[in-house]
Novice: 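Sharing a structure with you now.
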Number of protein chains: 2
Amino acid sequence: MGELPHITLDRSSPVPLYFQVARQLERAIVDGSLAPGDRIMNEVELAARLGLSRPTMRQGMQLLVDKGLLVRKRGVGTQVVGPKIRRPFELTSLHDDLASSGQPQATTVLSCSVIQADEELSVELQVPVGDPVWSLERLRNVRDEPFALMHNFLPVDVVDLHGVDLATRGLYAVLREAGVQLRVANQRVGARRADAREARLLGERRGAPLLTMTRTAFDSAGRAVEYGDHVYRADRYTVELTLVDR
Amino acid sequence: MGELPHITLDRSSPVPLYFQVARQLERAIVDGSLAPGDRIMNEVELAARLGLSRPTMRQGMQLLVDKGLLVRKRGVGTQVVGPKIRRPFELTSLHDDLASSGQPQATTVLSCSVIQADEELSVELQVPVGDPVWSLERLRNVRDEPFALMHNFLPVDVVDLHGVDLATRGLYAVLREAGVQLRVANQRVGARRADAREARLLGERRGAPLLTMTRTAFDSAGRAVEYGDHVYRADRYTVELTLVDR
DNA sequence: TAGTGGTCTAGACCACAAT
DNA sequence: TTGTGGTCTAGACCACTAC
């Protein structure tokens, strides 16, 4: 029959039922109440016990299947894969990543001004050449050691960065508060040698290997909102991601 | 009202209707028949025209929303984001990536033997220390230029590599044919200097920056099936990925 | 044969955005 | 107020797996 996860539903909550199911199932897996390899009670039975229709139950479980936490096999049942799979790579800024990891960090704003878009920016941000864009350069330290040199560009009508304290607040937090909803981003990760300036700022030797990341982020309307060109000390940073085959 | 995509359904096909819808919508977007910013006809009307129920229609469109090709706004409608968003980073091997890009490539098998798992492999592949695992090292050339040095490890009971022609066939293709269904993978991308051997094999100078990628792949039962430790010439390869915020 | 997930239907009511 | 997507129901039939 399979394990019976403990799930309570609040039908007066604005949170969708399928999401309540998914959240509580996920917690049970992370808690260890549901161990890897456990078979979960079948969909029909589970839906009946919770007073849900089967499609709603399925929708909730599907979220966890998409995350790689559950595996369904036709004719067999649904099994817990395990909580060790990291979250699918989410759309977060480095600031968020570090803040949530509890590392002490500090950011120095090297420059923040409006420039005219050149050819490259015109392509990446989908604006005409010569259009005004914010150019923002920051150096980030973690545990008092230089870590990343970040160069961001944003069309000026996306957000006003005048007087914004970007040393304390992450760029993505500023964007969120300005009502910008980031939705998709294209990233390119590569490597190259540090030039003289990068080496000096990052406390490396010239020619040292750097991890590079460029990213264009789009809002929910499909508009290019931000283009970032960042370099990281290769000895202090790696990009981690989880791929899920559907 | 919005654009009316041209979609034909084959109800006798074993391909699910929602998938037929998604595939044809996607092609229309990539073709340019549906341009970025276009509003698609609303779900209800579209379902009616195709003789589908609304949930089935939604399921098809949801696939493209998840891929970042479409954006839905409550009270507004569904819009095409654009074909320029690359596919969400899928679980493909480098062999697949290159083959689909049409680049002429050649692979040299440097070694293929069974070794005993050390501590690191024990952790990554979730097998006891000392267990036999395949150790496979390959050098890949693209357009007659060295490109990547790939080291893979697999538990011996996953697949038998004796006599398998890994110069012609990609490792993932071999795994698929052996009935292994890859499902999720954790990747770590970083950078470091080339050591003497890597430099020689890749035609680089010692100390040149390399892009590194390690990956553990799990099958549909959550079992670790393959661990790869690869290095790429940084001047010839970057990792591209698309992030979608949900 | 029995049990499971995969797909599909034909509706319903609600929340939100534009008008 | 109208139109849109968001959610949900109560079934149905099928394909695959294990026994």
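Below, each value reflects all heavy atoms present in this structure, side chains not excepted, and no hydrogens, waters or symmetry copies. Residue numbering restarts at 1 for every chain, and letters A, B, ... go by the order of the sequence lines.
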Novice: Test for a donor-acceptor pair under 3.5 Å between the base of D:dG6 and the side chain of B:Arg54, counting only N and O atoms.
Specialist: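 Side chain to base: pair present.
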
Novice: Take atom CZ of A:Arg58 and atom P of C:dC8, then tell me their distance rounded to the nearest Å.
Specialist: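 Between P of C:dC8 and CZ of A:Arg58: 11 Å.
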
Novice: On DNA chain D, nearest-nucleotide positions of A:Met57 versus B:Gly75: which is more 5'?
Specialist: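 On the 5' side of the pair lies B:Gly75.
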
Novice: Assess the side chains of B:Asn152 and B:Glu226: does a donor N or O sit below 3.5 Å from an acceptor N or O?
Specialist: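 There is such a pair between these side chains.
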
Novice: In whole angstroms, how far is the P atom of C:dC8 from the CD atom of A:Gln62?
Specialist: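 Spelled out: CD on A:Gln62 to P on C:dC8 is 14 Å.
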
Novice: Without decimals, in angstroms, what is the distance between B:Met61 CE and D:dG6 P?
Specialist: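 Going from CE in B:Met61 over to P in D:dG6 covers 9 Å.
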
Novice: Hey, does the side chain of A:Ser53 come within less than 4.0 Å of D:dT9's phosphate (OP1/OP2), counting only N and O?
Specialist: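 Answer yes for this pair, as a side-chain N or O of A:Ser53 is under 4.0 Å from OP1 or OP2.
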
Novice: A:Gln59 has an atom CD; how far is it from atom P of C:dG5, in whole Å?
Specialist: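 Answer to the nearest Å: 17 Å.
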
Novice: In residues 5-18 of chain A, which ones come under 4.0 Å of DNA chain D, going by heavy atoms?
Specialist: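 Here the set is A:Arg11, A:Pro16, A:Leu17, A:Tyr18.
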
Novice: Using every non-hydrogen atom in the two residues, find where A:Met57 and A:Leu50 come nearest and quote the distance to one decimal.
Specialist: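 Between these two residues, the closest heavy atoms are SD-CD1, 3.9 Å.
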
Novice: Indicate yes or no for a side-chain donor-acceptor contact from A:Trp134 to the backbone of A:Val159 under 3.5 Å, with no hydrogens or angles considered.
Specialist: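 At least one qualifying donor-acceptor pair exists.
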
Novice: May I ask you to evaluate whether B:Asn42 reaches the phosphate of D:dT4, defined as a side-chain N or O under 4.0 Å from OP1 or OP2?
Specialist: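 For D:dT4, OP1/OP2 do have a side-chain N/O of B:Asn42 under 4.0 Å.
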
Novice: Using a cut-off of strictly less than 4.0 Å, decide whether B:Arg72 has a side-chain nitrogen or oxygen near OP1 or OP2 of D:dG6.
Specialist: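 So the side-chain polar atoms of B:Arg72 do come within 4.0 Å of the phosphate oxygens OP1 or OP2 of D:dG6, strictly under.
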
Novice: Let me know the distance between CD of A:Glu45 and P of C:dG3, rounded to the nearest Å.
Specialist: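 It is 11 Å, rounded to the nearest whole Å.
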
Novice: Return the value, rounded to whole Å, for the distance between atom CD of A:Gln79 and atom P of C:dT4.
Specialist: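 Taking atom P of C:dT4 as the reference, CD of A:Gln79 is at 14 Å.
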
Novice: Looking at the side chain of B:Val76, which of C:dA17, D:dC8, D:dG11 is the nearest nucleotide?
Specialist: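 The answer is C:dA17, which lies nearest to the side chain.
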
Novice: What is the minimum heavy-atom distance between A:Val15 and A:Phe19, and which atoms define it?
Specialist: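 Heavy atoms only, the tightest pair is CG1-CD2, 3.8 Å.
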
Novice: Is there a side-chain contact between A:Leu161 and A:Leu154, using heavy atoms and a 4.5 Å cut-off?
Specialist: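 SC-SC contact between A:Leu161 and A:Leu154 confirmed.
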
Novice: By the 4.0 Å heavy-atom rule, please label A:Gly60 as base, sugar-phosphate, or nothing.
Specialist: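 Answer is nothing: A:Gly60 stays at 4.0 Å or more from every strand.
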
Novice: What distance do A:Leu70 atom CG and A:Glu26 atom CD have between them, rounded to the nearest 0.5 Å?
Specialist: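 It comes to 9.5 Å.
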
Novice: Write down the distance between CD (A:Gln20) and C1' (D:dC8), rounded to a whole number of angstrom.
Specialist: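 It works out to 13 Å between those atoms.
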
Novice: Side chains of B:Arg140 and B:Thr107 only: does a donor on one sit below 3.5 Å from an acceptor on the other?
Specialist: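 Note: B:Arg140 and B:Thr107 side chains meet the donor-acceptor criterion.
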
Novice: Does a nitrogen or oxygen in the side chain of A:Thr78 sit under 4.0 Å from OP1 or OP2 of C:dG5?
Specialist: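 So the side-chain polar atoms of A:Thr78 do come within 4.0 Å of the phosphate oxygens OP1 or OP2 of C:dG5, strictly under.
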
Novice: Output the rounded distance in Å from CD (A:Glu43) to P (D:dC14).
Specialist: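 Taking CD of A:Glu43 and P of D:dC14, I get 19 Å after rounding.
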
Novice: Under 4.5 Å between any side-chain heavy atoms of A:Arg11 and A:Leu52, yes or no?
Specialist: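 Touching, per the 4.5 Å side-chain cut-off.
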
Novice: Regarding A:Gln62 and A:Tyr18, do their side chains bring together a donor and an acceptor under 3.5 Å, going by distance alone?
Specialist: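 No donor-acceptor contact under 3.5 Å links the two side chains.
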
Novice: Checking the side chain of A:Gln20 only, and the main-chain atoms of A:Asp10 only, is there a donor and an acceptor separated by less than 3.5 Å?
Specialist: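 Here the side-chain-to-backbone pair exists.
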
Novice: Based on the rotation axes of five pairs at each end, what angle does the helix from C:dT1-D:dA18 to C:dA18-D:dT1 bend through, to 10°?
Specialist: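 Answer for the end axes of this duplex: 10°.
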
Novice: Can you figure out which of D:dA15, D:dT9, D:dG6 approaches the side chain of A:Arg74 most closely?
Specialist: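 The closest nucleotide is D:dA15.
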
